Amino acid sequence: MLPHYLCSHIQNAFRARHKHVAVPHSTQNLAILSILLRAGFLSNVTRGTVEEPSPTDFFQVSDSHKRIWADLKYRDDRPVLSEMELISRPSKPIFMDISDIRRLCTGRRVQNVKPLRMGEIAIVKTKDRENEWLEAREALQMRIPGEVICRAW
């Protein structure tokens, strides 16, 4: 599954003022949601089924019924996550080395990608098996290049 589905699904759930959102279970979705949780855009992430967030039932259902449930975060009745935008597209992937990621994180434009602003994150997919999905600043700290998938603010 492509990350654009996850980006639009979360963004639409915030706009509709939902408390929770359920997305299909995959390593990619779990990793992206975990990064959003660490960045403070979500209040909780748990595994569950189509019906409810239940980690115990998660292991008893078939793969097609497994879901990841994310609790959406609001402050002063406004969504904490205002936008989620895809950077890499299937037709045009955006790969960045360490110097490009550094420029992106320090407020400079790279490969027609706008720089990160205050409170904004970028999600990077690396070739490192142990750290496959990272936030751009984590990738810079670990010195791991990769494909910049999406940004959130």
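Here the structure is a predicted model, which is why all the values come from computation and not from measurement.
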So, for P55 and T46, which heavy atoms are closest and what is the spacing to 0.1 Å?
CG-OG1, 3.5 Å

Taking side chain as C-beta onward, heavy atoms only, is V61 less than 4.5 Å from E51?
no

Can any side-chain N or O of H25 pair as donor or acceptor with the backbone N or O of H65 at less than 3.5 Å?
no

Where L72 and S43 come nearest, the two heavy atoms and their spacing:
O-OG, 4.1 Å

State whether the side chain of Q111 and the backbone N or O of F95 hold a donor-acceptor pair below 3.5 Å, judged by distance alone.
yes

More than 12 heavy atoms of other residues, nucleotides or ligands under 6.0 Å from CZ of R75: is that the case?
no

Can you find a pair of side-chain heavy atoms, one from M142 and one from D128, that are under 4.5 Å apart?
no

Hey, is CD on E130 packed in by over 12 heavy atoms from elsewhere, all under 6.0 Å?
no

Tell me whether I101 is reachable from I35 by hopping between hydrophobic residues (I, L, V, M, F, W, Y) whose side-chain heavy atoms are closer than 4.5 Å.
no

Give, for atom CZ of R109 and atom CG of N112, the distance between the pair rounded to the nearest 0.5 Å.
6.0 Å

Roughly how far apart are L33 CG and L37 CG, rounded to 0.5 Å?
8.5 Å

Backbone N or O of S64 within a donor-acceptor pair of the R67 side chain at under 3.5 Å?
yes

Of all the heavy-atom pairs spanning P3 and Q28, show the shortest one and how long it is.
N-NE2, 3.5 Å

Do R151 and M84 have side chains that get closer than 4.5 Å, going by heavy atoms?
no

Taking a hydrophobic cluster as the set of Ile, Leu, Val, Met, Phe, Trp and Tyr residues connected by side-chain heavy atoms closer than 4.5 Å, whether directly or through intermediates, do W153 and I10 fall within one such cluster?
no

Flag side-chain contact, heavy atom, 4.5 Å: P24 against Y5:
yes

Determine whether W133 and I149 make a side-chain contact, defined as any pair of heavy atoms from C-beta on separated by less than 4.5 Å.
yes

Is it possible for you to say whether I98 and L116 belong to one hydrophobic cluster, with membership spreading through side-chain heavy-atom contacts below 4.5 Å?
yes

If we only count heavy atoms from C-beta on, is the P115 to R103 side-chain gap below 4.5 Å?
no

For L140 and C105, which heavy atoms make the closest approach, and how far apart are they?
CD2-CB, 4.4 Å

Only residue of I87, D100, V113 satisfying side-chain contact (heavy atoms from CB on, under 4.5 Å) with V148 is I87

Point-to-point distance, once rounded to the nearest 0.5 Å, from OG of S54 to CZ of R47:
13.0 Å

Please determine whether residues V80 and I32 belong to a single hydrophobic cluster, defined as Ile, Leu, Val, Met, Phe, Trp and Tyr linked transitively by side-chain heavy-atom distances below 4.5 Å.
yes

With a 4.5 Å heavy-atom cut-off, do K73 and L42 have their side chains touching?
no

Does CZ belonging to R117 count more than 12 external heavy atoms closer than 6.0 Å?
yes

Nearest 0.5 Å please: distance from the CD1 atom of I144 over to the CG atom of D97.
13.5 Å

Applying ring pair (Phe, Tyr, Trp, His ring centres under 6.0 Å), can you list everything that pairs with Y74, at least two apart in sequence or on another chain?
F14

Donor-acceptor check, side chain of W69 to backbone of T49, threshold 3.5 angstrom: yes or no?
yes

So does L134 get a backbone contact from the side chain of T126, meaning a donor-acceptor N/O pair under 3.5 Å?
no

CG on L6 to CD1 on I123, rounded to 0.5 Å
8.0 Å

Which value, rounded to the nearest 0.5 Å, describes the distance between S8 atom OG and L86 atom CG?
9.5 Å

Sub-3.5 Å donor-acceptor pair from the side chain of R108 to the main-chain atoms of R102, do we have one?
no

Any salt bridge between R15 and E83, counting N to O under 4.0 Å?
yes

Which pairs count as side-chain hydrogen bond (donor to acceptor under 3.5 Å, both in side chains) when at least one residue sits in residues 84-93, sequence neighbours excluded?
S88-E147

Tell me whether K66 forms a cation-pi arrangement with F58, defined as NZ or CZ under 6.0 Å from the six-membered ring centre and within 45 degrees of its axis.
yes

